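Not measured: the values here are computed from a predicted model.
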Amino acid sequence: MKTLYSKFLWMTLLIMFTSGTIGFMIVNTFYHQNLKETNDAKNVLVAESIVQLIESSHLKNLEPLLQMIGDTGYQIYIVSEEGRESSFGGDFRVKTISDSVVDRVLNGETYHGMREFPKETFITGYFSNELTNTVGVPFTFDHKKYALFQRPNIKFLFNEIHLLLGGLAGAMIVISVIAMLIVAKKMIDPLTKLTIATNKIANEDFQVPIPVYQRDEIGQLADSFRNMAKQLEASDRYKKEFISRVSHDFQTPLLNIQGYATLLESQELNEEEHLKYTTIIQKESKRLSSVMKQLLVLTSFDQANNRTKKEIYYLDEQLKQVMQKFRWLVDEKDISIQLQLKKVEVLGDREMLEYVWENLLSNAIKYNYSPGEIQVSLTETEEYVLVTIQDTGIGNSNTNYEQWTERFYREDTARSTQIEGSGLGLAIVKEVVQSHNGILSFESVEPHGTKVTIQLNKQ
């Protein structure tokens, strides 16, 4: 398997090679299209200056002067009208030139070999050490015609520069590769740590440390990974608690049903005991049915994409209908209800919101004192409606209101003397309110009681 480190290394080297090749071709093309003719013109001027010096020097022998000029960094090739050849300042790699070119120069023409040198892809004409890659000018010495061909001695002029440039390029490549290896190692090391952490989390080790703290994309990935680990840990803990609590909530009533059903088989039971056991079995069956119903509601919220089927309806009428359902229980516990309901329209899921009011109102009745009081108010603003349900009940000593809406949450002290609930009601209420983009809040009321406020958007 190729590691990310090796891929990064080979990709970087490939980019360096490709960019170097493309850059060289661009420079080479620029030389041929823009600098070639200029270079030719400059060398023609140099050649004409040499010829001018020769013709004005009145020397008897040209060789010392041409040798001196050659030693200063120029390659010179001279052909006389008799065909005698002489070279100064270094040999040409290819010493071939057509007789017609020589004849034209001897007859007074200027030869532009650099300008007309064929285009090459990888070796520019500037560095091609060939006799045809020169400029030629005529001159007269000692009443004889000569043709002088000249070009710079690149090896002489640029030998040290070549070494410097080559050394610089080599050093840049070596340093770049080493620096790239170090940078790649530092960049990939956090990913390696995240990979190790991923494997540990896959084995349910959610406390694995992630020592990656950077202010870049990898740092953001590490932060997201830490948050994911916390959420997975919470989800795993919730799953185990869920299974444990569901098992308990199912097991207890089932055992009661099984036990009392066994007692009903006895022939020695009187009518009063028979009725008592039958009532307990019915009660436990209803309890099981209630828990199952609430679990199905929560599951539907967890799995559905479109959780609500919203419509516009009058919320005050729905609240009155819900309170009417509990009229018998309110009278039985001697609880008075005070209503302050404004006629308000709301956009929401009628069925789901009805469950919210039923749950909150049943809690307000269930955990209230007898006699007691419940205040229900409905107000509105331009943007939202506000429903408040306040009771004078036993309250809840736990002021961690977020915990109240956790699934299966119960406070034993608050419910020890009351009808036992499943601990799912407020969790469902929270899901419904959130599906309406609403806000659910709780507040303890002195000296006793609880105030529940729900804010829903009007549209």
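Here E109 pairs with R104 in a salt bridge; the nearest charged N to carboxylate O distance falls below 4.0 Å. Taking the charged nitrogens against the carboxylate oxygens, E354 and K325 do have a contact shorter than 4.0 Å, which makes a salt bridge.
The neighbour count for N61 CG, taken as heavy atoms of other residues, nucleotides or ligands under 6.0 Å away, is above 12. More than 12 heavy atoms of other residues, nucleotides or ligands shown are found within 6.0 angstrom of CD on E311. Counting heavy-atom neighbours within 6.0 Å of E345 CD, excluding the residue itself, gives a total above 12. More than 12 non-hydrogen atoms from other residues, nucleotides or ligands lie less than 6.0 angstrom from CG of N227. For R84, the CZ atom is loosely surrounded, since the number of other residues' heavy atoms within 6.0 Å does not exceed 12. No more than 12 heavy-atom neighbours from other residues, nucleotides or ligands sit within 6.0 angstrom of CE on M172. For E37, the CD atom sits in a loose shell: 12 or fewer heavy atoms of surrounding residues, nucleotides or ligands are nearer than 6.0 Å.
Side chains of Q390 and V452 form no contact here, defined as non-hydrogen atoms less than 4.5 Å apart. Two residues are said to be in side-chain contact when any heavy atoms from C-beta on lie closer than 4.5 Å; V135 and T110 fail this criterion. Put simply, the side chain of K95 reaches to within 4.5 Å of the side chain of S87, judged on heavy atoms. S57 places none of its side-chain heavy atoms less than 4.5 Å from the side chain of Q52. Looking at M323 and L339, their side chains come closer than 4.5 Å, going by heavy atoms from C-beta outward.
Atom CD1 of I50 sits about 4.5 Å away from atom CD1 of I69, to the nearest 0.5 Å. Here the CH2-CG distance, from W357 to L378, works out to 8.0 Å after rounding to the nearest 0.5 Å. Between D103 atom CG and K145 atom NZ the span is 10.5 Å, to the nearest 0.5 Å. Once rounded to the nearest 0.5 Å, the distance linking OG of S86 with CG of L66 reads 8.0 Å. For the atom pair I439 CD1 and L456 CG, the distance stands at 9.5 Å (nearest 0.5 Å). Here F225 contributes atom CZ and L194 contributes atom CG; the two are 6.0 Å apart, rounded to the nearest 0.5 Å.
Checked options M352, R350, H436; the residue passing with K310 is H436 (criterion: side chain to side chain contact (heavy atoms under 4.5 Å, CB included)).
Residue T134 comes nearest to Q150 through the heavy atom pair CB-O, 3.5 Å, listed as atom of the first residue, atom of the second, then distance. Contact record, P138 with G108: CG-CA, 3.6 Å, taken as the closest heavy-atom pair. The shortest heavy-atom contact between D40 and G113 is OD2-N, 3.9 Å. When all heavy atoms are compared, the tightest approach of V429 to L440 is CG1-CD2, 4.0 Å. Residues G136 and V105 share a closest heavy-atom pair of C-CG1, 4.1 Å. Across all non-hydrogen atoms, the minimal contact from L106 to A147 is CD2-N, 3.4 Å.
There is a side-chain donor-acceptor pair under 3.5 Å between S80 and E82. Donor-acceptor pairing under 3.5 Å is recorded for the side chains of Q318 and Y313. In the model, D71 has a side-chain atom that pairs as donor or acceptor with a side-chain atom of Q67 under 3.5 Å. The closest side-chain donor-acceptor pair between N133 and N129, if any, does not fall under 3.5 angstrom.
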Could you go through the side-chain contact (heavy atoms from CB on, under 4.5 Å) check for L315 and V385 one step at a time? CA-CA 9 Å; L315 184 57; V385 298; 4.2 Å; yes
For the pair N43 and N39, evaluate side-chain hydrogen bond (donor to acceptor under 3.5 Å, both in side chains) and give the outcome as yes or no after the intermediate values. CA-CA 6 Å; N43 279 277; N39 186 48; 3.3 Å; yes
Take T132 and Y111, measure what side-chain contact (heavy atoms from CB on, under 4.5 Å) needs, and give me the verdict at the end. CA-CA 9 Å; T132 53; Y111 172 62; 3.9 Å; yes
Test E63 against F88 for side-chain contact (heavy atoms from CB on, under 4.5 Å), laying out the working first. CA-CA 8 Å; E63 291 188 4; F88 305 92; 4.0 Å; yes
Check the pair Y74, V46 against side-chain contact (heavy atoms from CB on, under 4.5 Å), reporting the backbone distance first and the verdict last. CA-CA 10 Å; Y74 290 95; V46 172; 3.7 Å; yes
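With D391 contributing its side chain and G393 its backbone, the two residues share a donor-acceptor pair below 3.5 Å. Distance alone, capped at 3.5 Å, is enough to place a donor-acceptor pair between the T381 side chain and the Y384 backbone. Side-chain atoms of E81 do not come within 3.5 Å of backbone N or O of Y146 as any donor-acceptor pair. Of the possible polar contacts, none joining the T18 side chain to the I15 backbone as a donor-acceptor pair under 3.5 Å is found.
Ring geometry for Y77 versus F92: interplanar angle over 60°, hence perpendicular rather than tilted (30 to 60°).
For the pair K343 and Y314, the cation sits on the ring face: its NZ or CZ lies under 6.0 Å from the ring centre, inside 45° of the axis.
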